[in-house]
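So the structure is just underneath, and the comments pick up after that.
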Amino acid sequence: MMAFFRQGALLLSLAAAMSVYADMRLDCRPDYVTLVWTESRSQADTSLFRLGNCFPTSVSAREAVFSVELNDCNFRRMVTGDQMIYTNDLTYISSPDSHILSFTHPVVCAYERPKDWYPLIYSPVFNTYGQGALVFHIGLMNGDFSGPAESTSFPLGSFIPIMASVAQKTHQPLLLLLEECVAATTPELQPESSIYPIITNKGCLVDSKISRSKFEPRQKSSEIHLSLQAFRFALGEEVFIHCRLMAWDPVGLDNTHKACHYNKDYGWELLDNSAYSTLCDCCESSCKSRRMRRTASGKHGMVQNAVLGPLTITDVNS
């Protein structure tokens, strides 16, 4: 559909007043959008900007740059008359002790509506199951997370790339977390199942204390990438990885909603903002749960149990 858009895209200016501390440049192209936010306040952390659910493509001390496609980042489409309008929100997620408050700025691109465009009456591919429906995914990936894995067999000590994601049917950005993950030799966990803990204690990658396992830097808030070092548990047998996935408010991180891994030089680190790695201190003891707001359980809820496998870990020296 993007091929039908004219090269000249119109930027609608909706802000009543642009912040005196910043400048936003927006380039709306037929197939993609480039947004550059230039911040003059030295206290601002440009890595904390989000366009919808997307992280910046690049950051510097004063700029956050996003180069994204319109079908990414939870852009919302509205058709009015002869215009097709895409809207989103640029959000700054403030840290708890920051002097700069969180804020949101509208982002709008308007295009001429293609003459042969008509709304779909029914699309089974994009079925929604009520307001705010969520669909979770988990899968084995290739080494750079650019596509699915070509094999489910991994040599001992190599990395098993795992990606989990949540497809969002609303514009509200969500942060995907892995609350718990264990390896087992059965596709269903039983009381007598032999397990190997990977992630415990509400998001603590405990395997990283004894291996090179780690969370990779995020590209989107709705995805999480885990490089899991192949372990000796059930060596040569079929292994299933059981995980509990959680979609959560990006500004609601606490010691029970987090992603932490262990850095041999610095100790426990918070994936999404290392300056607040104290949220991970409880990984050495017990991260206390608290009552949390969520939608109904099930595959479209805020929390989802998922199983990955079978996969096999082999010992190349045996």
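Although no hydrogens or angles enter the test, the distance criterion places a donor-acceptor pair under 3.5 Å between the side chain of Tyr92 and the main chain of Asp45. Remark: the backbone N or O of Ser60 is paired with a side-chain donor or acceptor of Thr46 at under 3.5 angstrom. A donor-acceptor contact shorter than 3.5 Å is absent between the side chain of Ser286 and the backbone of Lys288. Using a distance-only test at 3.5 Å, with no hydrogens or angles considered, no donor-acceptor pair links the side chain of Glu216 to the main chain of His225. Checking side-chain atoms of Asn53 against main-chain N and O of Leu175 turns up no donor-acceptor pair under 3.5 Å. Proximity of a side-chain donor or acceptor of Arg218 to a complementary backbone N or O of Phe215 within less than 3.5 Å is not detected. Judged by distance alone, the side chain of Asp254 and the main-chain N or O of Thr256 form a donor-acceptor pair under 3.5 Å. No donor-acceptor pair under 3.5 Å is formed between the side chain of Asn263 and the backbone N or O of Gly267. Judged by distance alone, the side chain of Ser221 and the main-chain N or O of Leu174 form a donor-acceptor pair under 3.5 Å. Judged by distance alone, with hydrogens and angles left aside, the side-chain atoms of Ser277 form a donor-acceptor pair with the main-chain N or O of Leu270 at under 3.5 Å.
Disulfide criterion (SG-SG under 2.5 Å) for Cys73 and Cys54: met. The SG atoms of Cys260 and Cys204 do not sit under 2.5 Å apart. Taken as a pair, Cys109 and Cys28 meet the criterion of an SG-SG distance shorter than 2.5 angstrom. Checked against the 2.5 Å cut-off, the SG-SG distance between Cys243 and Cys181 falls under it.
One distance of note links SG of Cys283 with NZ of Lys202; it measures 12.5 Å at 0.5 Å rounding. In this structure, CG on Leu176 lies 9.5 Å from CE on Met163, to the nearest 0.5 angstrom.
Side-chain contact between Asp31 and Glu69 is absent, with no heavy atoms from C-beta onward closer than 4.5 Å. Counting heavy atoms from C-beta on, the side chains of Leu245 and Val166 never come closer than 4.5 Å.
With ring centers used as reference points, Trp37 lies under 6.0 Å from Phe103.
No salt bridge links Asp272 with Lys258; every basic N to acidic carboxylate O contact stays at or beyond 4.0 Å. Under the 4.0 Å criterion applied to side-chain N and carboxylate O atoms, Arg244 and Glu179 are assigned as salt-bridge partners. Salt bridge present: Glu284 and Lys209 bring a charged side-chain N and a carboxylate O closer than 4.0 Å.
When all heavy atoms of Val239 and Ala234 are compared, the closest pair comes out as CG2-CB, 3.8 Å. When all heavy atoms of Glu180 and Thr200 are compared, the pair lying nearest together is OE1-CA, 3.0 Å. Contact between Asp207 and Ser213 at its shortest, heavy atoms only, is OD2-OG, 2.6 Å. Closest heavy-atom contact between His257 and Leu177: C-CD1, 3.6 Å.
Taking the six-membered ring where tryptophan is involved, the planes of Tyr111 and Tyr86 are perpendicular, since the angle between them exceeds 60° and thus also 30°.
With no hydrogens or angles considered, a side-chain donor-acceptor pair links Thr38 and Glu63 at under 3.5 Å.
Within 6.0 Å of atom CD in Glu188, 12 or fewer heavy atoms from other residues, nucleotides or ligands are found, so the atom counts as exposed in its surroundings.
Under a hydrophobic clustering in which Ile, Leu, Val, Met, Phe, Trp and Tyr are joined whenever their side-chain heavy atoms come within less than 4.5 Å, directly or via other members, Leu48 and Val68 fall into the same cluster.
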